[in-house]
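Working notes for the structure below.
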Amino acid sequence: MSETTASRIETEVRRRRTFAIISHPDAGKTTLTEKLLLFSGAIQIAGSVKARKATRHATSDWMEIEKQRGISVASSVMQMEYRDCVINLLDTPGHQDFSEDTYRVLTAVDAALMVIDAANGVEPQTRRLLQVCRARNTPILTFVNKMDREVKDPLALMDEIEAELGMTVVPFTWPVGMGKQFHGVMDLRQQRMRVFAPGEDRAAGTEEVLEGLDNPAYAERFGMQYDQAKGEIELVREAAPAFNREEFLTGKQTPMFFGSAVNNFGVQEVLDALVELAPAPDSRVAMQRTVQPDEPKFTGVVFKIQANMDPAHRDRIAFLRVASGHFERGMRLKVVRSGKELRPNTVVSFLSQRRELLDEAFAGDIIGIPNHGVLQLGDTITEGEALQYTGLPFFAPEMFRAVEVADPLKTKQLRAGLTQLGEEGAIQVFRPIAGSVLLLGAVGQLQFEVVAHRLEHEYGCKARIMPSRFQVARWVTCDDPAELKRFIDANDHRMAYDAVDAPTVLVEYAPELRAIESNWPKIKFHALREHAGLVFQQRLDG
């Protein structure tokens, strides 16, 4: 590789910022996503997230059921350029029933932007997502949204975030008032105030900005709200530690911003901070070695598969996080799990469902490869090296339903639809050894509703979702293949295979599982399956 190519890869990697937006449902995450796109110049008009009867929908909410309900149930990916940085932004589902999809998305990013509803503070889903980020030491920026409403006191919110999430908060901006008396935010780093004016269609740089934190005009214009904010800022500056980049990069400290996303307010500061503070792509751990992002050879990992992004073409897109090297359209690639060769010529980058053909990509970029069953969640793709990236989890389902097709003539469509939705990880599909009725496994009830809706509208088959007696599932492995076969044969009435043919035992009650575990000491029972198949994992280990 020439010196010019090496330095170009290094330069391009340094320009990348890849982050996910996470929050509890209704905190304003999708709205903020829209406004970040608007402020970066990526879109001209932000979709109204609340006015669902209007023709505008949020750019990041593309699935029909999302438009009807006004919620995000699929992660969407958007790429934009801002201040000479290439930003890959992943909007995750806020609904807790889709936490598995969010978990997988968080394995593909280098930072997270946490949105908190200023009226509700830290909510259960925020806590759960934060645990995932903390486990990976993901750097987190915090945006406190909806300051144009009657909300919690900002000092109380700061204390709550520190206590609940176990991280130090460093305010970068501070609000002057709230609700009807919300006058704007003080930018504590730039020593100026950005004055609030309601309105959804204002672009970046149109707000009034007043210089200095102690400008005499403030007291006259903003009265007691300014006096209170001034006192709080003095308190915060004495009590809060200074921003420490190392603490931030290890997920121990979070910069905090205040604003109102629906009014395009406070978004500019967040966008600037993402570019300035969020890290460029770093090394990634594979089972064989640690891979550096600026290595010459391309590697990447599939963290998401989405069917029917374009319903007219029945397409399936594998979302791949580039981990190293330089991707070029048409290059020869290898799927490490299967050994199959790929030569992708129609690779795309995304602005939600608007796609553009992509000629090249670098570490940190998220690219979409059209997929016809060749790629699975967790697949590592390389230029030939036998690498396997780790850390892409599948959780044992907590709810089960049996599924049948209402019209027997549509059985083929049902199986095709469930196969594709299973590959996505939207639902887990199990084929019982005994009996022909397929079982669906999910973390939450809404997943079943979404699957039924998508089967009908995307695959043309109405499905009956029925109760199932099973409540617990565990994947099973054994170092002795003969013992595993004996176990499967002896328990065939409660055994099933999942989407990647990993054997799974299904039981009605937890005590029943404990009895089986004690009767079969050589069998290993797993509540977590990593990558596409435990069989493959064992093959690598052995």
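All of these numbers come straight from a predicted model, not from anything done at the bench.
With 3.5 Å as the limit, one finds a donor-acceptor pair spanning the side chains of Gln79 and Asn88. Between the side chains of Thr254 and Thr142, at least one donor N or O lies within less than 3.5 Å of an accepting N or O. A donor-acceptor contact closer than 3.5 angstrom links the side chains of Arg401 and Gln445.
Of the possible donor and acceptor atoms, one in the side chain of Glu383 sits under 3.5 Å from a partner among the backbone N and O of Phe298.
Considering Leu387, Thr382, Thr299, Asp294 as possible partners of Ser324, the one that fulfils the side chain to side chain contact (heavy atoms under 4.5 Å, CB included) test is Thr299.
From Leu320, atom CG reaches atom CG of Asp365 across 10.5 Å, with rounding to the nearest 0.5 Å. Put simply, CD1 on Ile87 and CG on Leu36 are 8.0 Å apart, with the number rounded to the nearest 0.5 Å.
Ion pair Glu360/Arg8 flagged as a salt bridge, since at least one NZ, NE, NH1 or NH2 atom sits closer than 4.0 Å to an Asp/Glu carboxylate oxygen. Of the charged side-chain nitrogens involved, none lies within less than 4.0 Å of a carboxylate oxygen, so that Lys297 and Glu385 do not count as a salt-bridged pair. Ion pairing between Arg284 and Glu295 fails under the 4.0 Å rule for side-chain N and carboxylate O. With respect to Arg17 and Asp110, no salt bridge is recorded, no charged nitrogen being found less than 4.0 Å from a carboxylate O. One finds no salt bridge joining Asp498 and Arg431 here, because no Lys/Arg side-chain nitrogen approaches an Asp/Glu carboxylate oxygen to under 4.0 Å.
Leu165 has its side chain out of reach of Ile140: every pair of non-hydrogen atoms, C-beta onward, lies at least 4.5 Å apart.
More than 12 heavy atoms of other shown residues, nucleotides or ligands fall within 6.0 angstrom of atom NZ in Lys152. Within a 6.0 Å radius of CZ in Arg415, no more than 12 heavy atoms belonging to other residues, nucleotides or ligands are found.
With ring centers used as reference points, Phe243 lies under 6.0 Å from Phe172.
Using the six-membered ring where Trp is involved, Phe362 and His326 have ring planes that are parallel, under 30° apart on the 30 and 60° scheme.
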